[in-house]
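Heads up: the structure comes next, in C-alpha cells.
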Amino acid sequence: MGRYDRNILLKSVGESGQRKLNSSRILVCGAGGLGSTVIANLASLGVGHIGIVDNDKVELSNLNRQFIHKVTTLGMDKVESAKEWIKLYNPDIEVMPYKIRLDKNNTVELFANYDVIIDCFDNYYSKFVLSDAIIKTDKTLVHGGVEEFSGQVCTIDKNSACLACFIPELYNCSCDIVQRHGIISPVVSTVASIQAMEAFKVILNMDGVLRNTLLIYDGVRQDFRKIHLEKNKKCPSCAK
Ligand SMILES: [Zn+2]
C-alpha cells in the first residue's frame, strides 16, 4: 500500500477506498490519445484490473500524443504496447488486451466483466456502440471526445441522457471513418484526465459525477462550461 500513500491520505479515499480501487475493474475502449492518459491515470490510481480494447497498431504519427506507445513499439498492436507500458509502471495490475472491433453483438457481453467503461474511441460509430450498450446494463460509461483544441466529457448510465439524446443527428451517420484532423497532446490529455477523474468518483461513490451534464473544454480560451442534459423523448437510441 506504500505506493498509494498519497491516495490514502485523501479523506475520501483512505485505506478502504484504496482497496476499492485495487479491486475495481475498468474497461478502456481505445488505446490512442485519450486512452494513453486514461490508462496512465488508472495505473497510477491502482485500479486492479484494466481491460483495453483496440484493433490498431502503433504508427509513428500517433506519438505526438499517444505517449504510452514508444518508438520501440512501432508496428506492435496497441493493446500489447499499452500492456507493456502498464506492466513496467505498475506490475501488480492485471491487464486484459482485446484486439477486437466492438459492435452491437459483442459489447454488452464484454461490459459484464467491468464496473466502469471509458470511451476513448475516435469515431462516432464506435462511440454509439458503447452508448447503446450501456443503457442495456447497470454499468457506467464515461464518454469523452476531442477535436482540434476542444473536447467534451459526460457520464452515462441507463437512467441518464445517453449520447444519442444530445446528438441525435449523428446517430446512424455511419461515421466509422476517422476524420483526420489536427490534435495535440495537451488538449487530449486534459480531456482524458477528466474522464479518469469521473471513473475514480464512480468507483468511490463520490458526488459531482457528470451525469446529465456535458462538460465542454476549450483549450484556446482556457474555458470550461457545463451544459445540462435531459433524456430526449425522441432519442433514436434510449427512447425505443
Ligand atoms: Zn438517449
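Both ligands and their constituent atoms are indexed starting at 1 by order of listing.
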For Arg221, the side-chain contact (heavy atoms from CB on, under 4.5 Å) test, sequence neighbours excluded, returns Asp218, Asp223

Does the distance from a Lys or Arg side-chain N to an Asp or Glu carboxylate O, for Lys83 and Glu80, drop under 4.0 Å?
no

Check ion pair Asp138-Lys158 (N to O, under 4.0 angstrom)
yes

Qualifying ring-ring contact (aromatic ring centres under 6.0 Å, His included) pairs with a residue from residues 18-67, counting only residues at least two apart or across chains
His49-Tyr114

Those residues at least two apart in sequence (or on a different chain) that pass side-chain contact (heavy atoms from CB on, under 4.5 Å) with Tyr89 are Arg3, Ala43, Ser44, Trp85

For Glu169, look at atom CD and say whether over 12 heavy atoms of other residues, nucleotides or ligands are found less than 6.0 Å away.
yes

Atoms named by residue and atom, protein N, O or S, within reach of the Zn ion (ligand 1) (under 2.8 Å)
Cys162 SG, Cys165 SG, Cys235 SG, Cys238 SG

